[in-house]
Peer 1: 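There's a structure below that I have some questions on.
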Amino acid sequence: MSRFFGRWVSLSVAAAVMIWLLPNIQVVGDNTAIAVVVFALFLALVNASIRPILHALSLPITILTLGLSAFAINILCLHLASELALSTFQTGIVFTDTLTAILGSIVLAIVSSIVSKIIG
């Protein structure tokens, strides 16, 4: 449980940095901090449950595309977490275009790995 909580915290920080860096991300809801935490919660849940299955099923395609299909899976997980947060709590973040989701995926990966290393 503490590993999941640490992942949630690192994703919350990474999502906040992503919103700060990328101008085409819209925050839905009254409070930006709550929107980021709710989005990060659903992203952590999607990453823990659905993403490993998607990576296992797409392994042959990932090998053929030299890992580029992993970006598509990450973008799919970002959009899924966004839709789940919006439909459940009516707050979260929305990606306005695909390029923003791609850049957001890269920013999330870099920042969350740095924060995970810091918090242990």
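Worth saying up front: this structure is predicted, and the values here are computed from it rather than measured. In what follows, residues are counted from 1 in the order of the sequence shown. When reading the values below, keep in mind they use all heavy atoms of this one structure, side chains included, and skip hydrogens, waters and symmetry mates.
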Peer 1: Quick one: does Phe71's side chain get under 4.5 Å of Ile106's, heavy atoms only?
Peer 2: yes
Peer 1: Taking Ser12 as the fixed residue, which of Val115, Val37, Val38 is the one that meets the side chain to side chain contact (heavy atoms under 4.5 Å, CB included) rule?
Peer 2: Val37
Peer 1: Who pairs with Val107 by side-chain contact (heavy atoms from CB on, under 4.5 Å), at least two apart in sequence or on another chain?
Peer 2: Val17, Met18, Leu21, Val111
Peer 1: Can you tell me how far apart CG (Leu41) and CZ (Phe4) are? Round to the nearest 0.5 Å.
Peer 2: 5.5 Å
Peer 1: Could you tell me whether the side chain of Val28 reaches within less than 4.5 Å of the side chain of Gln90, counting heavy atoms only?
Peer 2: no
Peer 1: Let me confirm one number: the OG1-CZ distance from Thr91 to Phe39, rounded to the nearest 0.5 Å.
Peer 2: 11.5 Å
Peer 1: Is there a side-chain contact between Phe42 and Thr88 (heavy atoms, below 4.5 Å)?
Peer 2: yes
Peer 1: How far apart are the C-alpha atoms of His55 and Arg51, what are their side-chain angles, what is the distance that settles it, and do they pass the side chain to side chain contact (heavy atoms under 4.5 Å, CB included) test?
Peer 2: CA-CA 6 Å; His55 276 294; Arg51 188 170 168 219; 3.3 Å; yes
Peer 1: Using the side chain to side chain contact (heavy atoms under 4.5 Å, CB included) definition, which of the options Ile61, Ile63, Leu57 pairs with Leu59?
Peer 2: Ile63
Peer 1: Are a donor atom and an acceptor atom from the side chains of Ser69 and Thr62 found within less than 3.5 Å of each other?
Peer 2: yes
Peer 1: Do Val94 and Ile25 have side chains that get closer than 4.5 Å, going by heavy atoms?
Peer 2: no
Peer 1: So Ser112 and Val13, side chain to side chain contact (heavy atoms under 4.5 Å, CB included) or not? Walk me through it.
Peer 2: CA-CA 7 Å; Ser112 68; Val13 172; over 6 Å; no
Peer 1: Walk me through it: do His79 and Leu84 pass the test side chain to side chain contact (heavy atoms under 4.5 Å, CB included)?
Peer 2: CA-CA 9 Å; His79 283 294; Leu84 287 172; over 6 Å; no
Peer 1: Measure the spacing between CD1 of Ile73 and CG of Asn47 and express it to the nearest 0.5 Å.
Peer 2: 11.5 Å
Peer 1: Please lay out, stage by stage, how Leu80 and Leu43 fare under the test side chain to side chain contact (heavy atoms under 4.5 Å, CB included).
Peer 2: CA-CA 8 Å; Leu80 180 61; Leu43 187 59; over 6 Å; no
